[in-house]
There are 2 protein chains.
Amino acid sequence: MPIVVERLRRVGLRPTRQRVALARLLFDGGDRHVTAEQLHGEALAAAIRVSLATVYNTLHQFTAASLMREVVVEPGRSYFDTNTDDHHHFFCESTGHLQDIPGELVRVGELPRPPAGAKIQRVDVIIRIRQDNRAPR
Amino acid sequence: MPIVVERLRRVGLRPTRQRVALARLLFDGGDRHVTAEQLHGEALAAAIRVSLATVYNTLHQFTAASLMREVVVEPGRSYFDTNTDDHHHFFCESTGHLQDIPGELVRVGELPRPPAGAKIQRVDVIIRIRQDNRAPR
DNA sequence: GTGATTGCAAATCTTTTGCACTAAA
DNA sequence: TTTAGTGCAAAAGATTTGCAATCAC
């Protein structure tokens, strides 16, 4: 039985045609960062008939099932990341490009304790960069 | 001459009625985190006639002028922070509340070097927390 | 006066929703 | 069958824009 199908079953999601196809696009390559719009475009390009609404649903379901996570770096656009390991990000403000930084490379020492009654969910480190605009020769 | 007016002049913004009033709301108290919608509400409550569009413009102008900065923690909503010092944030996913963490309290060691040709703009550390939902006694 | 700024309403963009239709089990 | 999942188009939010009216200098 296809790996993707099992993977979906394990997290309680019916392996529908759309979910399987999107999962393949997402997880078959290496780690990826996509927006819903992008993934929808890829699906269409790959002749997978799926609506944008379903892409949104699917991304959120995958995220809820911990198959991926959401990265918020820009107002008004969400990125979904297929890497669920502990890690951080470079975000290029010029290009909108996201790049993983392995968790071990960033040492966040001495977290202040959270306000009373609150539990830490996750620590996001976003290194915002900008491309030098020296004209390329 | 009023301090706010000078402050706006120094960054090249005409001290219009709306800008001065918004600046007072923003900078007269301590450090603040507001959304455009919130600030607009406060302005109206304070009998300051200003449109939402102008609030957006003003927040972006203040941000461009380094009087404040934008904090992106949730898809679909921008917070503006009157604290321009080097610092980080707690973000409570239950309440949408932001709280500053002084920069010194978070030691981010050993930044990986950014991709070639890119310059670090800023490092954002967001500690996502969630309120325990133990019923309060 | 003159050019910057504002207000309004319409437009835009991303994301969500309602509901009839389709498909997995 | 039965219930979950999908597609479409409409709705919902947040934010931006175009342009005439208004204000600071």
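Since the structure is predicted, the reported quantities are computational estimates derived from the model, not experimental observations.
- A salt bridge does not link A:D81 to A:R32: none of the charged side-chain nitrogens sits closer than 4.0 Å to a carboxylate oxygen.
- Residue B:L52 contributes atom CG, which lies 12 Å from atom C1' of C:dA9 at whole-angstrom precision.
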Would you please test A:E6 and A:R9 for salt bridge (Lys or Arg N to Asp or Glu O under 4.0 Å) and show each step? CA-CA 5 Å; A:E6 277 207 20; A:R9 282 232 172 77; over 6 Å; no
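- Residue B:T35 is classed as having no contact, given no heavy-atom separation below 4.0 Å to the nucleic acid.
- Counting to the nearest Å, the C1' atom of C:dA25 and the CG atom of A:L13 are 15 Å from each other.
- For the pair A:D85 and A:R69, the salt-bridge criterion is not met [side-chain N within less than 4.0 Å of a carboxylate O].
- Between C:dT5 and B:R19, a contact under 4.0 Å exists linking OP1 or OP2 to a side-chain N or O.
- Remark: the A:S78 side chain and the A:E70 side chain contain an N/O donor-acceptor pair separated by less than 3.5 Å.
- Across the interface with DNA chain D, nearest-nucleotide mapping of B:T16 and B:Y79 shows B:Y79 to be the residue nearer the 5′ end.
- Both B:R14 and B:S78 lie near DNA chain D, and the one whose nearest nucleotide falls closer to the 5' end is B:S78.
- Using a 4.0 Å heavy-atom criterion, one finds that B:R77 contacts the sugar-phosphate atoms exclusively.
- Note: A:H33 and A:H89 meet the aromatic proximity criterion, with ring centroids under 6.0 Å apart.
- A straight line from CG of B:L22 to C1' of C:dT6 spans 12 Å, rounded to a whole angstrom.
- Distance, A:Q18 CD to C:dT22 P: 13 Å, rounded to whole Å.
- Between the CG atom of B:L59 and the P atom of D:dA14 there is a distance of 14 Å, rounded to whole Å.
- Between B:S51 and C:dT6 there is no side-chain N or O to OP1 or OP2 distance below 4.0 Å.
- Residue A:Y56 places no side-chain N or O under 4.0 Å from the OP1 or OP2 atom of C:dT16.
- The side chain of A:H60 contributes an N or O atom lying less than 4.0 Å from OP1 or OP2 of C:dT16.
- One can place CD of B:E70 at 11 Å from C1' of D:dT15, the figure rounded to the nearest angstrom.
- Residue A:P75 is classed as having no contact, given no heavy-atom separation below 4.0 Å to the nucleic acid.
- Here the P atom of nucleotide D:dA14 and the CD atom of B:Q38 are 11 Å apart, to the nearest Å.
- One atom, CD of A:E37, and another, P of C:dT15, lie 8 Å apart when rounded to the nearest Å.
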